[in-house]
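Before any comments, here is the structure.
Residue numbers start from 1 in every chain, and the chains themselves are labelled A, B, ... in the order their sequence lines are given, proteins ahead of strands. These numbers come from a predicted model, not from an experiment.
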Number of protein chains: 2
Amino acid sequence: MRIGQLAQLVGVETQTIRFYEQQGLLPPPDRQDNGYRVYTEKHGEGLAFIRRCRILGLSLAEIHELQSYQDPHQPCTAVNALLDDHISHVRSQITALQALEKQLVSLRASCNDDREVEACGVLAGISEGNMHQQ
Amino acid sequence: MRIGQLAQLVGVETQTIRFYEQQGLLPPPDRQDNGYRVYTEKHGEGLAFIRRCRILGLSLAEIHELQSYQDPHQPCTAVNALLDDHISHVRSQITALQALEKQLVSLRASCNDDREVEACGVLAGISEGNMHQQ
DNA sequence: TATTGACCTTATAGTAGCTTTATAGTTTTA
DNA sequence: TAAAACTATAAAGCTACTATAAGGTCAATA
């Protein structure tokens with residue numbers, strides 16, 4: 001399988017595949033005489049694993065870490081710890097965004113569309129700076 | 001006021017101020033004979049405005065856009081539209097993260113710490129790929 | 001007076017996770 | 001045979017800074 005076919009199979013761009021190889025997330029495949037990369041089904045699985053992790057919001061570094069835990073007879077404590085960390089990270093992101101939304105909505109409520117910029121409640125609200133940092 | 005004082009006043013690094021100037025978000029200040037930048041109170045207000053926008057999660061491009069709306073006698077429709085856009089962006093981020101959290105929690109529930117990697121429910125869950133994309 | 005330290009200057013590289021562009025060689029199709 | 005479609009590498013671009021390097025300026029101290 002060449003890089004374009006693999007890319008289409010998994011739904012990524014060919015450059016992304018080369019990028020993952022360069023970052024050490026995908027093992028370097030064999031090459032044809034012309035230098036073209038040749039992929040096996042294993043590469044496909046590896047690539048799909050990476051993409052699913054990315055969809056779960058894991059960083060490339062975290063994925064790398066997960067890969068290092070793949071030894072079958074290790075306890076999977078570390079895998080679970082990584083996931084727990086990630087979950088709490090996502091939760092704090094949600095909390096922060098909810099606070100932000102509240103702030104934005106109240107800012108937006110301070111103006112209607114019929115005013116001129118001079119009297120714009122939004123710009124005034126930002127400029128006054130009665131904001132809780134973080 | 002020199003750059004260091006302005007930085008301390010607003011609570012940013014001096015490099016950040018030079019960066020904003022370079023990006024066209026802060027007007028280039030006058031210089032002393034030795035080349036040092038000299039800032040006025042107006043620059044302080046401008047910088048504080050930028051920082052508050054950043055805390056609200058606006059991108060530098062959005063801030064630039066906001067600045068272009070500062071003409072006092074324009075209607076502030078555009079300002080409100082920008083904010084509305086930003087609010088809906090934040091809301092969709094929240095929704096996405098909540099869905100992600102649910103997925104991560106259910107993935108995490110599929111394994112306990114006493115297993116070996118071979119039987120790890122988390123790794124299996126990712127590899128099976130029964131995931132809703134996005 | 002020499003020098004130390006705190007400040008200022010510019011230019012450049014690094015961060016994350018790709019995407020885009022440039023340039024060139026290879027294979028497939030019309 | 002020539003164009004289209006694919007492959008290769010290398011380097012730059014994206015965001016919003018942060019960090020580093022190498023050097024100029026200034027006030028205070030030894």
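Look at CD on B:Glu13: it is 6 Å from P on D:dT18, rounded to the nearest Å. Remark: C1' of D:dC6 and CD of A:Gln5 are 11 Å apart, rounded to the nearest angstrom. Here D:dC26 presents its P atom at 8 Å from CD of B:Gln32, a figure rounded to the nearest Å. Following rounding to the nearest Å, B:Leu25 (CG) and D:dC17 (C1') show an atom-to-atom distance of 12 Å.
Annotation for B:Thr14 and B:Gly4: closest pair CG2-CA, 3.9 Å, computed over non-hydrogen atoms.
Using a 4.0 Å cut-off between charged nitrogen and carboxylate oxygen, B:Asp30 and B:Arg2 do not count as a salt-bridge pair.
Put simply, the residue from A:Leu82, A:Asp85, A:Leu83 that forms a side-chain contact (heavy atoms from CB on, under 4.5 Å) with A:Glu62 is A:Leu82.
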Before giving the answer on side chain to side chain donor-acceptor pair (under 3.5 Å), spell out for B:Tyr20 and B:Arg51 the whole-Å C-alpha distance, their side-chain angles and the decisive distance to 0.1 Å. CA-CA 11 Å; B:Tyr20 287 156; B:Arg51 291 311 301 178; 2.7 Å; yes

Criterion side chain to side chain contact (heavy atoms under 4.5 Å, CB included) on B:Cys120 and B:Arg115, from CA distance to verdict: CA-CA 6 Å; B:Cys120 176; B:Arg115 301 191 195 167; 5.6 Å; no

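Taking 4.0 angstrom as the limit, B:Asn34 places a side-chain polar atom (N or O) nearer than this to OP1 or OP2 of D:dC26. Between A:Thr14 and the phosphate of D:dC6, there is no side-chain N or O to OP1/OP2 separation shorter than 4.0 Å. Phosphate proximity of D:dC17 to B:Arg51: present, with a side-chain N or O under 4.0 Å from OP1 or OP2.
B:Arg18 comes within 4.0 angstrom of a base, heavy atoms only.
Think of the region where chain B sits on DNA chain C: with heavy atoms and a 4.0 Å cut, that region ends 5' and 3' at C:dC7 to C:dT10.
Sequence order on DNA chain D of the closest nucleotides to A:Tyr36 and B:Tyr20 puts A:Tyr36 first from the 5' end. Of the two residues contacting DNA chain C, namely A:Arg54 and B:Arg31, the nearest-nucleotide position lying further toward the 5' end is that of B:Arg31.
Heavy-atom contacts from other residues, nucleotides or ligands closer than 6.0 Å to CD of A:Gln5 number more than 12.
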